[in-house]
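Working notes for the structure below.
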Amino acid sequence: EVQLVESGGGLVQAGGSLRLSCAASGFSFDNYVIGWFRQAPGKEREGVSYITSSDTLAYYVDSVKGRFTISSDSAKNTWYLQMNSLKPDDTAVYYCAVHRGYRGVVAAAPYLVYDYWGQGTQVTVSS
């Protein structure tokens with residue numbers, strides 16, 4: 001069974017940084033997409049960033065471009081979201097998720113259905 005566990009959330013002042021981690025167990029997919037999502041209170045969940053197993057490019061939602069960086073350590077089955085220049089609007093529960101068996105380009109990642117989800121980690125940015 002695939003399990004995803006996020007960590008690295010916390011309370012940070014505006015302008016600060018956090019690095020979220022998503023550690024996967026039971027993960028043996030050759031082709032996949034990893035996505036980072038977030039959901040703020042009273043708002044719909046939104047995709048923040050994506051990376052595929054085959055694409056050298058990553059996808060970012062406009063609101064985080066230039067501030068967030070997604071990366072992976074395939075040997076550890078761990079993915080990261082480095083978040084810099086954090087803003088109060090970034091406050092949310094952040095989730096990682098995986099879509100299996102994908103070989104396409106990362107630009108399509110926001111439109112995929114994700115098969116497995118982590119439990120989320122809270123990020124709070126104070127002003």
Side-chain angles (χ1 to χ4, degrees):
E1 180 183 0
V2 175
Q3 291 189 332
L4 303 176
V5 179
E6 303 95 336
S7 61
L11 173 64
V12 64
Q13 289 188 333
S17 298
L18 286 172
R19 188 177 81 156
L20 305 183
S21 298
C22 173
S25 60
F27 192 96
S28 60
F29 313 131
D30 292 331
N31 301 292
Y32 56 85
V33 179
I34 293 292
W36 282 99
F37 300 80
R38 67 186 180 185
Q39 187 166 20
K43 295 186 178 181
E44 292 187 355
R45 185 176 63 202
E46 69 167 342
V48 174
S49 183
Y50 308 84
I51 192 167
T52 72
S53 55
S54 58
D55 204 317
T56 57
L57 300 177
Y59 177 99
Y60 300 95
V61 69
D62 285 347
S63 59
V64 307
K65 283 181 181 177
R67 300 189 298 121
F68 290 12
T69 303
I70 191 171
S71 62
S72 64
D73 185 339
S74 57
K76 296 182 178 179
N77 276 348
T78 301
W79 295 267
Y80 304 96
L81 186 67
Q82 177 67 43
M83 306 187 296
N84 299 328
S85 302
L86 283 161
K87 305 175 181 180
D89 284 349
D90 296 318
T91 295
V93 178
Y94 284 72
Y95 302 88
C96 62
V98 62
H99 174 93
R100 300 174 295 175
Y102 184 70
R103 299 186 178 184
V105 296
V106 72
Y111 307 101
L112 301 174
V113 174
Y114 287 77
D115 304 294
Y116 301 98
W117 292 81
Q119 83 290 348
T121 186
Q122 176 71 47
V123 171
T124 303
V125 185
S126 63
S127 58

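Computed from a prediction, not measured in an experiment: that's the story for all the values here. Residue numbers start at 1 and run along the sequence shown.
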**Asked** Side-chain heavy atoms under 4.5 angstrom apart, residues restricted to Ile, Leu, Val, Met, Phe, Trp, Tyr: same cluster for Leu81 and Leu18?
**Response** yes
**Asked** Shortest non-hydrogen contact from Asn84 to Ser17?
**Response** OD1-OG, 2.9 Å
**Message:** Students often mix this up, so state it plainly: with edges at 30° and 60°, are the rings of Phe68 and Tyr94 parallel, tilted or perpendicular?
**Reply:** tilted
**Complete:** dist Tyr111:OH -> Tyr50:OH (nearest 0.5 Å) comes out at 9.0 Å
**Prompt:** Heavy atoms, side chains only, cut-off 4.5 Å: are Phe29 and Val2 in contact?
**Reply:** yes
**Message:** Are Gln122 and Thr91 packed together at the side-chain level, in the sense that at least one heavy-atom pair is separated by less than 4.5 angstrom?
**Reply:** yes
**Message:** Just verifying a value: how many Å separate Arg67 CZ and Met83 CE, rounded to the nearest 0.5 Å?
**Reply:** 9.0 Å
**Request:** Among Ile70, Leu4, Val5, find the one that has a side chain to side chain contact (heavy atoms under 4.5 Å, CB included) with Cys96.
**Result:** Leu4
**Asked** Which atom pair, heavy atoms only, marks the closest approach of Val12 to Gly16?
**Response** CG2-CA, 3.8 Å
**Message:** Could you measure the distance from the CD1 atom of Ile34 to the OG atom of Ser49? Nearest 0.5 Å is fine.
**Reply:** 11.0 Å
**Asked** Would Trp117 and Phe37 count as a close aromatic pair, with their ring centres under 6.0 Å?
**Response** yes
**Prompt:** Are the side chain of Ser21 and the backbone N or O of Ser7 linked by a donor-acceptor pair below 3.5 Å?
**Reply:** no
**Message:** Testing the basics here: between Leu11 and Ser126, what is the closest heavy-atom pair and its distance to 0.1 Å?
**Reply:** CD1-CB, 4.3 Å
**Prompt:** Side-chain contact, heavy-atom cut-off 4.5 Å: Leu57 with Tyr59?
**Reply:** no
**Complete:** Note: Leu20 and Trp36 closest approach over all heavy atoms is CB-CH2, 3.6 Å
**Message:** Under the side chain to side chain contact (heavy atoms under 4.5 Å, CB included) test against Arg38, which residue among Asp90, Val93, Val123 passes?
**Reply:** Asp90
**Prompt:** Can you find a pair of side-chain heavy atoms, one from Tyr32 and one from Arg100, that are under 4.5 Å apart?
**Reply:** no
**Request:** Identify whether Tyr80 and Tyr116 are in the same connected component of the hydrophobic contact network (ILVMFWY, side-chain heavy atoms under 4.5 Å).
**Result:** no
**Item:** Taking every non-hydrogen atom, the tightest pair across Ser127 and Ala14
**Value:** CA-CB, 4.4 Å
**Asked** Ser63 versus Asp89: any side-chain heavy-atom pair under 4.5 Å?
**Response** no
**Over all atoms of both residues, closest heavy-atom pair of Gln39 and Tyr95** = CB-CE1, 4.4 Å
